[in-house]
Every structure is written in C-alpha cells, then in structure tokens.
Amino acid sequence: MAAESPSDLRAPRTAVVADPDAGRLESYARTLRDAGYSVLCAGNADELAASVDSRQPSVVVVDASLSAVETAAPVLVVVDLDNPAELAAMMPSGVHDCIAKPPPPRELVHRATALIDQVARRKAARQETEALREQLREVSAAVRATNDPEEIARLVVAGFGRTFKADHVWLATFEDSRVPPIQAAWNRPGLEPLPEQALPDEQYSRQTADRLWAGAETMSTAGSEEPAAGDAPAPGIANAVSSLAVPMGEGSSSLGIIWIAMLDGPRTWSGTELGLLQHVAGNAAHGLIQSHLISSQQQVVKQLQQLDKAKTDFLATVNHELRTPLTSIMAYLDMIQESTEQPVSPEVHQMLDIVVRNTERLRILIEDMLSVSRNGLDDSLMHLTPVRLGQTLDLVAAALRPLATQQNVTIAVDPVPEDPEILADEVQLQQVFTNLVSNAIKFTPSGGRIEVGSESHAASDGSRWATVSVADTGIGISSEEIDHVFTRFYRASNAMTGAIPGTGLGLAITKDIVSRHGGRIDVSSTLGSGTTVTVSLPLDTRSQEN
C-alpha cells in the first residue's frame with residue numbers, strides 16, 4: 001500500500017518558534033503566519049518548554065542555542081554553520097532538520113512544511129504496518145486454531161488476498177510425505193476463478209519454491225500477457241501485471257508455494273510486507289505439517305480400533321465354537337465315569353482322569369480367552385451383590401485343595417475374626433482368588449505352602465478397605481520381570497524354563513476384574529523364595545453400618 005501524499009496529510013498547522021533574539025523571533029513568526037501557520041513564540045528555554053507542553057505543535061522552529069528542547073514534534077534548528085559553538089550546542093532528538101541562519105523566508109516555510117510531511121508519512125507508514133501485522137496475526141491465530149489442512153489453506157489465501165488487496169491468491173503443496181496434496185484459491189469478489197491453464201505447473205512451482213526457500217527469499221515478477229497456448233500451463237500467473245511467489249517449507253526443502261497476483265498494475269512490496277508474508281507462510285507450513293501428522297495418527301488409531309474389534313469378534317466366535325463341543329465332551333466323560341451298568345476298568349478310569357483334567361484345563365483356557373475378548377465391555381455384565389469375603393476364600397480353597405494335594409502343596413486359610421462384606425460380582429470375585437491360588441499351586445514346588453489371609457482397615461481418607469494376601473513359597477519372580485506380570489500373555493523366564501504350563505492371561509484378567517471393582521492389586525516377590533499377591537477392595541460401608 002502506498003503512503004498518503006503530503007497534500008492528503010495536511011491539516012491546520014501549528015508552530016512554536018523560539019529564539020533569544022527578538023528581531024529574529026518576530027521575523028520567523030511573521031514568515032510562518034503568512035504561510036498559514038498558527039504560531040506561538042518563546043524567547044527562552046522556559047517559555048519554549050511551556051509552549052510545547054501547552055500546544056501539540058506540528059513543528060518546532062528553534063535557534064541552535066535552544067535546541068535541547070524535549071518534544072515529540074519535529075524540530076527544525078536554525079544554526080549558524082560558521083559558528084562552532086552553535087554546532088556543538090545542537091542536541092538532536094526525534095525527527096530533526098536544520099537550516100542555515102538567517103533562513104530565507106521561502107526556504108524556512110518549505111523546510112518546516114517538508115519536515116511535517118516527512119513525520120506524517122512515517123506515522124502513516126507505521127500505522128499501516130501495524131494494521132498489516134494485526135490482520136496477519138488474525139490469520140496466523142486462525143491457522144493455529146484448526147487441524148484441518150484444507151481449512152488452513154483456505155484461511156491463508158483468503159487472509160493474504162484481503163490484507164494485500166490482491167486479485168488472485170493461489171496455494172499449492174507438492175508431492176511430499178510431510179503434507180497432504182492441497183490446492184486452494186482465492187479471487188477478489190467479482191473476478192472469475194483462474195482457469196487451470198493460467199496457473200503455473202507443478203514443476204515450475206517446485207523449482208521456484210526450492211530456489212526461493214534455499215535463499216530465504218520471495219520473488220516478484222511480471223506475469224504473462226497472454227494465456228499459455230492450448231492446455232500448456234503458464235510459467236507464472238497468466239494475465240497478471242505483477243505477481244509474488246512466497247515459498248513454504250521446513251528444514252532444508254520446500255513443500256509448497258503461494259502465488260499472489262495483481263491484474264491492474266505493478267505492485268511494489270516493502271521489506272516489512274515481505275517479512276510478514278514469510279512469517280505467515282511459515283506458520284501455515286507448520287500448521288499443515290502438524291495437521292497431517294494428527295490426521296495420520298487418527299487414521300492409525302481408527303485402524304487399530306478396527307483391528308481390535310476384529311480380534312475381539314474373532315475370539316468371541318472361536319470361544320463359542322470351542323465351548324460347544326467341549327461341553328458335550330465333558331458331559332459324556334462324566335457319564336462314562338459315573339456309569340454303574342458298564343463300569344470301566346481301573347486302567348481306563350485312570351486314562352479318563354487324565355482326559356478330564358486336560359479337558360478342564362482347555363475349558364479354563366477358553367474362559368480366559370473369552371474374558372480377554374470382553375475386556376472393557378464387562379461392566380454392564382457385572383452383577384453386584386453383598387459378598388462375604390471369608391466365605392468366598394473358604395470356597396476357593398476347598399475347590400483347589402485336591403489340586404494342591406496332587407502337587408503335595410499345603411493351602412492354609414487364616415481365620416477371619418470379622419468376615420467383611422463386599423459389594424461385588426460373586427462369580428468374578430471367585431475367579432480372582434481362584435486364579436491367584438491356582439497360580440500359587442502351579443509355581444510352588446512339592447512340599448511348599450500357600451497362606452491366604454485377609455484383614456480390613458481404614459485408609460487415611462476415612463475409606464474402609466478389605467485386603468487379601470496370597471503368599472506362597474514358590475519359585476518367585478525376578479525384580480526385572482515383576483513389572484510385566486500383569487501384561488497379557490507374558491510369562492516369566494523361570495516359568496518358561498521349568499516348562500510350567502500356562503497362557504499368561506490369569507493375572508491380566510485378575511487385575512482387570514479387581515480394577516472394575518474399584519480395587520487394586522500388587523505383587524512382591526523374591527526369586528527362589530516365593531511370591532505374595534495382595535488384593536485391596538473397597539468395603540461396602542453401607543452394609544457395615546446396618
């Protein structure tokens with residue numbers, strides 16, 4: 001934008017004239033009044049300071065001896081160029097000029113008026129620059145507020161077009177892994193969009209952007225007078241009297257370009273304007289890169305969610321298909337073993353026991369897989385009822401003692417003085433402690449011992465908790481592996497080495513159930529000495545009060 005001309009900027013002009021010589025003072029004042037100025041006179045420094053404070057003059061005309069005046073107005077100093085003392089006394093501040101003493105009347109008026117116009121131009125330029133900055137700050141803020149790459153491109157071309165009163169603005173990104181392919185155009189209201197053949201082709205745009213980005217430059221050119229022949233794209237913006245190319249990039253390479261076209265006349269771009277354009281183009285490039293990353297991440301998350309759902313559906317289907325025949329197998333095995341009409345021989349009965357144990361093991365594995373497939377979906381399937389914790393532990397221990405006896409392992413359940421009542425899903429709670437005790441049996445060598453204890457206590461915040469510990473004298477877990485025991489399918493190295501059967505799902509399922517009951521589970525272990533698993537569950541305080 002061109003600055004306003006002096007004639008546009010002229011308003012009623014005021015001058016403060018100061019000189020200790022009354023004759024010169026009267027002469028300067030009369031000359032300026034005759035030229036249309038409103039003049040206030042001062043004969044010394046105090047009068048000068050008072051006059052400047054009382055008036056906001058357009059210009060201050062002072063003798064060199066009084067040039068130390070402090071004012072925001074432009075100061076024209078009248079100085080004897082042959083007098084070293086006067087030259088030394090000059091203390092310029094703000095916008096200044098000087099004129100030789102005695103000044104011809106016409107020269108005095110001309111220099112005072114030129115000084116006022118110069119200050120007005122500078123002020124107008126500053127205001128214009130600040131207005132540009134504010135408009136482009138709004139564009140940058142809008143770019144930062146969205147993650148939609150198409151919206152970012154539209155905001156940039158529209159912002160540049162309106163701010164710089166352009167005719168056409170066109171933005172294009174290149175084939176690049178950092179940004180999506182985008183083209184966005186803005187046209188001054190009333191103008192038809194640019195046809196494709198009027199736009200520069202990708203090769204020319206990329207070469208231009210690479211060269212400008214490497215030199216941190218922009219390029220102002222004259223456009224083609226005629227459209228390109230046939231379907232061949234123009235090297236620049238066709239029919240543009242002048243155009244500006246602004247590269248977008250990151251690091252050492254460009255990733256796009258912005259063209260700004262003027263149709264009616266040449267456009268001179270100031271250094272400030274070019275700097276602001278490059279700054280906003282940089283923000284746009286950053287926004288496009290970030291939005292592309294976010295979009296890619298969202299697509300990955302969506303694909304992972306789809307894969308997870310497919311996995312869950314597959315596991316649920318497989319579990320159903322496996323459980324149906326397994327139920328029949330287990331039923332027929334029970335019938336064969338319990339038949340009194342055709343009893344089987346002891347040898348066959350022993351083989352059937354092995355088949356039953358392995359069938360039960362397969363059933364547990366299927367149930368574990370089903371629990372995993374339902375992970376995060378089971379809250380609606382929980383049936384919360386008051387459950388006596390001590391009674392639950394006794395039931396679990398009784399069910400698992402035959403297995404412990406086979407392993408020559410002792411299970412001891414500490415008596416519970418007060419059997420606390422917990423609001424829980426009884427079936428799931430039994431599964432938690434069945435998993436923990438059966439794990440302890442599995443990892444405890446012959447002759448070992450498992451102790452199951454429980455207690456209730458109040459936390460510092462007043463809430464009441466029941467804590468159950470399952471401690472064994474088994475093989476233990478190393479400190480490096482203990483943080484992974486709740487990970488699905490994870491198995492400790494000593495379990496793998498010892499060929500101890502398992503899937504690595506039991507503790508993961510247990511932790512999930514405990515968490516959905518609002519509790520927590522912790523493991524402490526010493527390799528070779530045993531493991532203690534502690535489960536803390538919130539007590540149903542309402543039932544305790546009844």
Side-chain angles (χ1 to χ4, degrees), residues 326 330-331 333-334 336-338 346 349-368 371 387-422 424-455 466-477 485 492 495 498-507 509-511 513-514 521 523-525 529-535 537:
L326 192 62
M330 294 179 70
L333 284 171
D334 289 342
I336 294 171
Q337 285 184 312
E338 295 174 2
H349 200 285
Q350 185 178 5
M351 287 187 289
L352 287 175
D353 283 340
I354 295 173
V355 174
V356 168
R357 284 199 302 273
N358 282 283
T359 304
E360 178 65 16
R361 182 177 167 190
L362 183 58
R363 185 192 66 80
I364 293 172
L365 173 60
I366 292 172
E367 291 295 336
D368 285 350
S371 295
V387 178
R388 290 291 177 185
L389 186 58
Q391 183 179 356
T392 301
L393 296 177
D394 288 337
L395 289 172
V396 169
L400 292 175
R401 275 201 177 91
L403 177 60
T405 301
Q406 285 183 348
Q407 298 286 101
N408 192 27
V409 173
T410 302
I411 299 178
V413 180
D414 296 341
V416 183
E418 295 180 5
D419 191 359
E421 191 174 80
I422 295 176
D425 185 307
E426 186 172 12
V427 174
Q428 292 189 17
L429 203 60
Q430 286 183 12
Q431 185 180 359
V432 166
F433 298 119
T434 298
N435 284 351
L436 296 181
V437 176
S438 60
N439 255 11
I441 294 171
K442 186 164 48 176
F443 291 104
T444 301
S446 177
R449 181 179 176 84
I450 299 168
E451 291 191 4
V452 181
S454 64
E455 64 176 5
T467 301
V468 177
S469 61
V470 178
D472 62 55
T473 57
I475 61 176
I477 308 166
V485 295
I500 299 173
T503 61
L505 291 174
L507 284 178
I509 293 169
T510 299
K511 183 176 182 180
I513 294 173
V514 171
I521 184 169
V523 178
S524 61
S525 184
S529 299
T531 301
T532 299
V533 181
T534 304
V535 175
L537 295 165

Full working for side chain to side chain contact (heavy atoms under 4.5 Å, CB included) between Asn439 and Leu507: CA-CA 9 Å; Asn439 255 11; Leu507 284 178; 3.8 Å; yes
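- Remark: Leu400 CG to Gln407 CD distance equals 11.5 Å, nearest 0.5 Å.
- A donor-acceptor distance shorter than 3.5 angstrom exists from the side chain of Thr473 to the backbone of Arg449, with no hydrogens or angles considered.
- For the pair Phe433 and Val468, the minimum side-chain heavy-atom distance is below 4.5 Å.
- The closest side-chain heavy-atom distance from Thr467 to Val535 is not below 4.5 Å.
- Contact record, Gln430 with Thr392: CG-CG2, 3.7 Å, taken as the closest heavy-atom pair.
- The structure places CD1 of Ile411 at 12.0 Å from CD of Glu451, a figure rounded to the nearest 0.5 Å.
- At distances below 3.5 Å, at least one donor-acceptor pair connects side-chain atoms of Asp472 with backbone N or O atoms of Thr531.
- Formation of a donor-acceptor pair under 3.5 Å by the Thr444 side chain with backbone atoms of Ile441 is not found in this model.
- Applying side chain to side chain contact (heavy atoms under 4.5 Å, CB included) to Ile521 and the options Val432, Thr510, Ile513, Leu537 leaves one that passes, Thr510.
- At a threshold of 4.5 Å between non-hydrogen side-chain atoms, the residues Gln431 and Ile509 count as touching.
- Between the OG1 atom of Thr434 and the CG atom of Leu429 there is a distance of 9.5 Å, given to the nearest 0.5 Å.
- The distance from atom CD1 of Ile450 to atom CZ of Arg401, rounded to the nearest 0.5 Å, is 10.5 Å.
- Nearest heavy atom pair, residue Ala466 against residue Pro420, reads CB-CG, 4.4 Å.
- Annotation: side chain to side chain contact (heavy atoms under 4.5 Å, CB included) contacts of Thr532 (sequence neighbours excluded): Ser469, Ala471, Ser524, Thr534.
- Between Gly453 and Asp414, the shortest heavy-atom distance links the atoms CA-OD2, 3.7 Å.
- When all heavy atoms of Pro445 and Gly474 are compared, the closest pair comes out as CD-CA, 3.7 Å.
- Here the CG atom belonging to Asp394 is positioned 13.0 Å from the CZ atom belonging to Arg388, to the nearest 0.5 angstrom.
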